[in-house]
*Asks:* 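Starting off with a structure, shown below.
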Amino acid sequence: MSLFAWNMSCWGSHEIKRTLYLLFLGQVVSFVLALMSFTSSLIADLGVDTPLTQTLFAYLGLALIYGSIVLYRRQKLRVSWYWYLLLGFVDVQGNYLVNEAFQFSSITSVTLLDCWTIAWVLILTWFFLGTRYSLWQLFGAAICVLGLGLVLISDAGVGGGGGSKPLLGDILVIAGTIFYAMSNVGEEFCVKQKDRVEVIAMLGIYGFLVSVVQASIIELKSLESVEWSTDIILAFAGYALSTFMLYSLVPFVLKLSGATMFNLSILTSDMWAVVVRIFFYHQQVDWLYYFAFAIVVIGLIIYSITEKDSVPVPDLEGGNSSAQYEALADESEASRNESLAS
């Protein structure tokens with residue numbers, strides 16, 4: 001065997017191992033997303049309506065862990081505090097609305113409708129950041145929106161989407177994704193400074209402060225009426241832990257894998273939601289959901305494989321706004337989808 005052939009065989013083996021490793025990491029993130037949805041729906045199912053309080057503990061964990069790292073560095077913040085305050089505010093609103101949606105809609109509808117974040121992000125970055133997308137990317141996004149429209153039709157009564165007021169829940173999710181998209185764009189501005197640890201730390205600190213203030217105004221009566229039990233405490237702990245893991249893992253996974261594989265990997269979180277609904281809640285999933293899921297998959301694949309076709313538009317600082325956004329938009333979509341918050 002020639003030296004060239006031997007090097008090629010070694011390279012192929014390395015790439016296969018790396019691909020399998022990235023697929024595994026992608027599924028870890030996907031499972032964490034599903035765990036977030038499950039614990040949030042479980043909290044609602046246990047009769048607790050405190051969407052702000054349940055995210056408060058997750059923000060606190062981010063603030064303590066990553067904030068300690070920032071303090072240890074003793075470096076000046078690269079982004080002004082008021083931008084982080086705004087980022088924390090919109091991220092909290094996104095989490096609040098989506099978690100509140102579990103009071104009215106099914107876990108399958110909420111997790112799939114999170115994909116609306118993509119459409120809002122395209123609109124916001126087009127008008128405010130000057131990012132330009134190819135026709136194929138816009139076509140893929142349009143197909144996604146079509147699939148999500150079928151979820152709304154199902155929840156409106158054609159297929160019986162599940163939940164006490166499924167259509168209201170769907171509206172809350174879509175409203176939440178608007179804030180998620182705003183968080184995504186805000187995170188881009190912060191991540192341009194190339195310090196993800198600082199962004200996560202400040203997001204945790206200001207997210208915690210905003211959650212405390214808002215919860216003290218909105219949720220005091222709800223908190224007083226909660227009859228705390230082991231199940232409720234464990235559900236809160238599970239949500240806080242899964243949210244912390246998501247905010248921590250997504251930047252790391254994206255750095256290694258890139259947008260295409262990450263997008264395709266997290267699609268399985270929707271199927272985890274189907275499994276939870278069928279085997280845990282013993283509810284049937286309408287055929288329209290599966291059809292809508294397939295359409296969304298096709299749309300995301302088209303968007304992902306044509307991602308390189310985005311037309312880069314230099315920003316005022318001379319950087320590549322489009323390239324920086326492409327990495328960030330997918331990062332924030334789980335944190336959500338913030339997730340990101342982002």
Side-chain angles (χ1 to χ4, degrees), residues 29 55-56 58-95 117 120-121 124-131 178-214 243-259 262 307 310 312-342:
V29 174
T55 58
L56 186 150
Y59 287 124
L60 178 61
L62 293 172
L64 291 176
I65 301 300
Y66 290 97
S68 299
I69 298 175
V70 172
L71 288 175
Y72 177 77
R73 291 176 174 178
R74 297 182 179 180
Q75 294 177 349
K76 184 179 179 180
L77 293 180
R78 301 187 180 186
V79 178
S80 300
W81 65 270
Y82 48 84
W83 287 113
Y84 283 130
L85 175 59
L86 180 61
L87 178 63
F89 176 79
V90 296
D91 196 70
V92 168
Q93 306 317 307
N95 285 324
T117 304
W120 301 129
V121 162
L124 288 175
T125 53
W126 183 283
F127 286 104
F128 294 103
L129 297 181
T131 306
I178 295 176
F179 284 100
Y180 277 152
M182 293 170 62
S183 178
N184 290 353
V185 177
E187 281 185 48
E188 176 186 3
F189 172 78
C190 299
V191 170
K192 281 181 181 180
Q193 310 307 315
K194 300 179 181 179
D195 192 346
R196 287 189 175 94
V197 172
E198 178 183 300
V199 173
I200 297 173
M202 294 299 105
L203 180 60
I205 292 172
Y206 286 105
F208 174 75
L209 294 176
V210 171
S211 297
V212 169
V213 173
Q214 197 166 336
T243 304
F244 179 88
M245 291 174 61
L246 180 70
Y247 278 82
S248 302
L249 280 173
V250 169
F252 173 70
V253 175
L254 274 173
K255 183 178 181 180
L256 293 176
S257 65
F262 179 75
E307 190 173 22
S310 292
V313 178
D315 60 17
L316 295 177
E317 299 176 358
N320 190 328
S321 175
S322 176
Q324 289 167 340
Y325 173 71
E326 291 303 329
L328 177 68
D330 298 292
E331 174 181 330
S332 302
E333 175 191 353
S335 6
R336 130 253 306 230
N337 199 319
E338 79 312 324
S339 147
L340 84 205
S342 209

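The first residue in the sequence is number 1, and the count goes up from there.
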*Asks:* Show the nearest heavy-atom pair for residues Gly204 and Ala63, with the distance to one decimal.
*Replies:*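 Shortest heavy-atom separation between Gly204 and Ala63 comes out as C-CB, 3.7 Å.
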*Asks:* Using every non-hydrogen atom in the two residues, find where Val92 and Gly207 come nearest and quote the distance to one decimal.
*Replies:* CG2-O, 3.5 Å
*Asks:* With rounding to the nearest 0.5 Å, note down the distance linking CG in Leu64 to CD1 in Ile69.
*Replies:*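 So the gap between those two atoms works out to 11.5 Å.
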*Asks:* If you draw a 6.0 Å radius around CZ in Phe89, do more than 12 non-hydrogen atoms from other residues or ligands fall strictly inside?
*Replies:* no
*Asks:* What's the spacing between Ile200 CD1 and Ile65 CD1 if we round to 0.5 Å?
*Replies:* 12.0 Å
*Asks:* Taking atom CG of Leu60 and atom OG1 of Thr55, what is their separation to the nearest 0.5 Å?
*Replies:*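 The CG atom of Leu60 sits 11.0 Å away from the OG1 atom of Thr55.
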*Asks:* If I take atom CG from residue Leu56 and atom CG from residue Asn95, how far apart are they, to the nearest 0.5 angstrom?
*Replies:*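 Here the interatomic distance stands at 11.5 Å.
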*Asks:* Which atom names give the shortest non-hydrogen contact between Glu198 and Lys76, and what distance separates them?
*Replies:*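 Closest approach of Glu198 to Lys76: OE1-O, 4.3 Å.
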*Asks:* Check side chain to side chain donor-acceptor pair (under 3.5 Å) between Tyr66 and all other residues, then give those that pass, not counting sequence neighbours.
*Replies:*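 Residues passing side chain to side chain donor-acceptor pair (under 3.5 Å) with Tyr66: Ser248.
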*Asks:* Who passes side chain to side chain contact (heavy atoms under 4.5 Å, CB included) against Leu85, sequence neighbours left out?
*Replies:*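 Expected list: Trp81, Tyr206, Val210.
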*Asks:* So, taking the atom named CE in Met202 and the one named CG in Leu77, what distance separates them when rounded to the nearest 0.5 Å?
*Replies:*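 That separation rounds to 5.5 Å.
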*Asks:* What closest approach, in Å, do Leu203 and Tyr59 show between heavy atoms, and which atom pair accounts for it?
*Replies:*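 So the two residues come closest at O-CD2, 3.8 Å.
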*Asks:* If I take atom CE from residue Met182 and atom OH from residue Tyr180, how far apart are they, to the nearest 0.5 angstrom?
*Replies:*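 Between atom CE of Met182 and atom OH of Tyr180 there are 13.5 Å.
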